[in-house]
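Have a look at the structure below, then the notes.
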Amino acid sequence: MTPWIELDVAPIPNNGGELILSQRGNEFSISLKGKRGELMNSRVYHSEKQLSKLGCAYLRETDNAKVLIGGLGMGYTLASALNILKNSAEVTVAELVPEVVEWNQGPLGACAKYPLQDTRTQVHVGDVKDLLTSNEPTYDAILLDVDNGPRGLTHSDNNWLYSEEGLNSINDNLRPQGMLAVWSAGPDYLFSVRLKNIGFDVITHIVHSRGGKKGDEHSIFLARKTQ
Ligand SMILES: C[S@@+](CC[C@H](N)C(=O)[O-])C[C@H]1O[C@@H](n2cnc3c(N)ncnc32)[C@H](O)[C@@H]1O
């Protein structure tokens, strides 16, 4: 069996531990150092693509759509959003760990067919939270896949994103009828309730990690701004 080779290690800001990029043949993995598990694997990306397909479906015919993606990972969510959106769209992808952006400009680029090279893509190297505190209705869709679900895993500060305060800020940053979509490894009833209490219309979709109903079941929370 082909062994895994560690290609690089990157620190997560604010003493969050380390991310490891590994390769085995043409398979890549980004994992959290220690026993905290795998964040992304280049063979399993169906639900990451579904995050964009579901979150951006209503923008297919919209001119000048503005979309924010939290978490570049291996670029599947970004590539899938670009496939749906028109040429006039602008997609900002925020990535906390600078090395993840470099990995996508290097060995990981081919995984999702180089979405960083698309002229509609803008990269924010830093916390997605930085782009959510202006209280300006800026985005038509905000797609979040920065943890394993609505609680901080990669970065404990991410808990803010799923808190009442964070969700209110996200709501303020969405344009009228805008869509928040959140990837999660599993259901989270209390998160749905929190979204509804803020005023979002909420639907939870169950999607599979490998497509065609294969692999693990993941949840995508779709929260639509009501005004
Ligand atoms: C599970 S991966 C995303 C996978 C991605 N959806 C894809 O299609 O490959 C999570 C990514 O979010 C990044 N991340 C974690 N917290 C973040 C934050 N607060 N702001 C921006 N990026 C963050 C991690 O460094 C990692 O690259």
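Each ligand, and each atom within it, is numbered from 1 in the order the structure gives. Residue indices begin at 1 and follow the sequence shown.
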Main-chain N/O of Gln177 paired with Arg224 side-chain donor or acceptor, under 3.5 Å: yes

Other residues, nucleotides, ligands: >12 heavy atoms within 6.0 Å of Glu164 CD: no

Identity of the nearest option to atom 14 (N) of ligand 1, non-hydrogen atoms only, from Leu131, Val146, Leu78: Val146

Per-atom contacts of ligand 1 with Leu39, taking only distances under 4.0 Å to non-hydrogen atoms: 1 (C)

Any N or O of Val128 closer than 3.5 Å to N or O of ligand 1: yes

Side chain, backbone, both or neither: Glu95 near ligand 1, heavy atoms under 4.0 Å: both

Nearest candidate to atom 4 (C) of ligand 1, where distance is taken over non-hydrogen atoms, out of Asp145, Asp157, Asn14: Asp145

Geometric N/O contact Val97 with ligand 1, under 3.5 angstrom: no

For Leu72, atoms of ligand 1 separated by under 4.0 Å from a heavy atom: 5 (C), 7 (C), 9 (O)

Carboxylate-amine/guanidinium contact Asp140 Lys66, below 4.0 Å: no

Side-chain H-bond candidate by donor/acceptor type, Asp216 with His208, under 3.5 Å: no

Ligand 1 to Met74 polar contact by distance, N or O atoms, under 3.5 Å: yes

Close approach, Met40 and ligand 1, non-hydrogen under 4.0 angstrom: yes

Per-atom contacts of ligand 1 with Glu48, taking only distances under 4.0 Å to non-hydrogen atoms: 6 (N), 8 (O)

contact_flag Ala94 ligand 1 heavy-atom lt 4.0 Å: yes

Under 3.5 Å side-chain donor-acceptor pair for Asn168 and Glu165: no

Within 6.0 angstrom of Lys129 NZ, more than 12 heavy atoms from elsewhere: yes

Close N or O approach (Asp147, ligand 1; < 3.5 Å): no

Proximal atoms of ligand 1 relative to Tyr76 (non-hydrogen, under 4.0 Å): 7 (C), 8 (O), 9 (O)

Flag if over 12 foreign heavy atoms under 6.0 Å of CG, Asn15: no

Atom indices of ligand 1 within 4.0 angstrom of Asp127 heavy atoms, with elements: 18 (C), 19 (N), 20 (N)

Any side-chain donor near an acceptor of the partner, Ser29 and Trp4, under 3.5 Å: no

Under 4.0 Å to a heavy atom of Asn158 - the qualifying atoms of ligand 1, by number: 15 (C), 16 (N), 17 (C), 18 (C), 19 (N)

Basic-acidic side-chain contact under 4.0 Å: Glu27, Arg43: yes

Within-shell test, Gly126 vs ligand 1, heavy atom, strictly < 4.0 Å: yes

Region of Ile69 engaging ligand 1 - heavy atom pairs below 4.0 Å: neither

Distance-only donor-acceptor check, side chains Tyr162 and Asp188, under 3.5 Å: no

4.0 Å heavy-atom contact, Leu19 with ligand 1: yes

Lys86 with Asp63: basic N within carboxylate O range, under 4.0 Å: yes

